[in-house]
Amino acid sequence: MKDENCIFCRIAAGDIPSTTIYEDEFFIVIMDLSPATKGHALIIPKEHMADIFEMDEKTAGKLFKLAVRIAKAMKKALNCDGLNIVQNNGEIAGQTVRHFHLHLIPRYEGDGQNILWTPGEASDEERRMTAEAIREKM
Ligand code: 5GP
Ligand code: ZN
C-alpha cells in the first residue's frame with residue numbers, strides 16, 4: 001500500500017526518481033543518495049512496512065536471497081574487499097526513513113568508515129537468561 005508521505009513508497013512507485021540497480025514485483029534496489037562508500041545501495045520492499053517488526057518471514061526470505069545476488073554482483077563489479085549489511089529499526093537504532101530498507105555497503109581497504117559497535121560485557125547467567133527469554137517468545 002503506497003503511503004504518499006513516505007519517501008521510499010514514492011520511490012518504489014516511480015513518483016520520485018532514483019538510480020535503480022534492480023527491480024521486480026516485490027523489491028526495488030537503489031543507490032543511496034549519501035553513500036557511505038562507492039556502491040552503497042538499499043534494498044527496499046515495494047510494500048510499505050516501517051521496520052523488521054512489520055515484515056513477514058516469506059518477504060524476509062526473498063529479501064535475503066536478493067541481498068546475496070546483489071552482494072555477489074557488487075563484489076564482481078566494484079572489486080570491494082568486504083561488505084557490511086546494515087539494517088536499522090527504530091530511531092534509537094539510527095533509522096531515519098521509516099520504511100524498511102537493507103543497506104549493502106561495499107568496503108574497501110582504507111575507506112575510513114567504521115560501522116562496528118563497542119564490545120560490551122554480560123555474565124554467563126545474564127546471557128543464559130536473555131537467551132531463554134527470547135526463545136520463549138519464538
Ligand atoms: P537509515 O538511517 O534510515 O537506516 O537510512 C536511510 C538511508 O536512506 C540513508 O543512507 C540516506 O542516505 C538514504 N536516503 C534518504 N533519502 C533518500 C532518497 O530520497 N533517495 C535515496 N536514494 N536515498 C535516500
Ligand atoms: Zn513506505
Side-chain angles (χ1 to χ4, degrees):
M1 185 64 74
K2 190 172 118 184
D3 178 346
E4 290 295 340
N5 298 317
C6 172
I7 184 107
F8 286 175
C9 278
R10 296 184 67 195
I11 286 174
D15 295 349
I16 294 178
S18 63
T19 307
T20 305
I21 299 172
Y22 173 86
E23 186 171 0
D24 64 21
E25 191 184 344
F26 303 106
F27 301 100
I28 185 166
V29 186
I30 65 170
M31 304 307 294
D32 196 291
L33 212 51
S34 311
T37 63
K38 181 183 166 74
H40 182 171
L42 305 171
I43 304 182
I44 302 171
K46 288 187 171 176
E47 186 185 328
H48 182 88
M49 49 195 83
D51 52 32
I52 197 167
F53 306 115
E54 295 186 0
M55 180 173 277
D56 61 278
E57 291 185 12
K58 203 170 162 197
T59 303
K62 289 191 196 117
L63 172 83
F64 211 75
K65 273 189 181 173
L66 181 55
V68 168
R69 279 181 71 194
I70 301 286
K72 287 179 178 174
M74 281 176 164
K75 176 92 178 139
K76 285 184 194 154
L78 307 172
N79 198 28
C80 49
D81 302 306
L83 183 142
N84 287 110
I85 292 184
V86 178
Q87 201 278 303
N88 301 323
N89 300 282
E91 200 177 334
I92 185 69
Q95 187 179 16
T96 57
V97 178
R98 291 289 289 155
H99 177 132
F100 181 102
H101 50 282
L102 190 80
H103 294 261
L104 293 177
I105 307 175
R107 299 300 304 275
Y108 308 90
E109 294 291 347
D111 65 21
Q113 287 291 351
N114 183 12
I115 301 172
L116 300 178
W117 56 89
T118 310
E121 282 177 20
S123 66
D124 289 352
E125 177 66 1
E126 190 187 339
R127 267 198 304 274
R128 196 181 59 72
M129 297 286 284
T130 307
E132 194 177 314
I134 298 167
R135 191 181 315 116
E136 276 174 7
K137 298 294 181 195
M138 286 179 74

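Ligands are counted one by one from 1 in listed order, and the atoms in each one are counted from 1 as well.
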- Applying a heavy-atom distance cut-off of 4.0 Å, which protein residues contact ligand 1?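 If the criterion is a heavy atom under 4.0 Å, then ligand 1 touches I7, F8, I11, I30, M31, D32, L33, S34, L42, N88, G94, Q95, T96, V97, H101, H103.
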- Starting from the Zn ion (ligand 2), look over the N/O/S atoms of H99 and name the nearest one.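 The nearest such atom is ND1.
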- Query: Nearest to the Zn ion (ligand 2), which N, O or S atom of H48 do we find?
  - Reply: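 Of the nitrogen, oxygen and sulfur atoms in H48, the Zn ion (ligand 2) lies nearest to ND1.
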Side-chain donor/acceptor pairs under 3.5 Å, residues 59-78, sequence neighbours excluded:
from : atom 1 : to  : atom 2 : distance (Å)
T59  : OG1    : D56 : OD1    : 2.8
T59  : OG1    : D56 : OD2    : 3.0
K75  : NZ     : C80 : O      : 3.0

- Message: Salt bridge or not between R135 and E132? Use side-chain N to carboxylate O under 4.0 Å.
- Response: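 Salt bridge flag = no for E132 with R135.
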- Item | All pairs passing side-chain hydrogen bond (donor to acceptor under 3.5 Å, both in side chains) where residues 77-97 contributes a residue, at least two apart |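 Only N84-R107, Q87-N89, Q95-R98 qualify under side-chain hydrogen bond (donor to acceptor under 3.5 Å, both in side chains).
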- Query: Taking the six-membered ring for Trp, are H101 and H103 ring centroids under 6.0 Å apart?
  - Reply: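 Ring-ring flag for H101/H103: true, centres closer than 6.0 Å.
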- Message: Test question: given the 4.5 Å side-chain rule for I, L, V, M, F, W and Y, name all other residues clustered with M138, or answer none.
- Response: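 ILVMFWY cluster around M138 holds nothing else.
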- Task: Enter the distance from F27:CZ to E47:CD here, rounded to the nearest 0.5 Å.
- Result: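 Atom-to-atom, F27:CZ and E47:CD are 10.0 Å apart.
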- Message: Main chain of P106, side chain of T37: is a donor-acceptor contact present, judged purely on distance under 3.5 Å?
- Response: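 Yes; judged by distance alone, with no hydrogens or angles, the pair exists.
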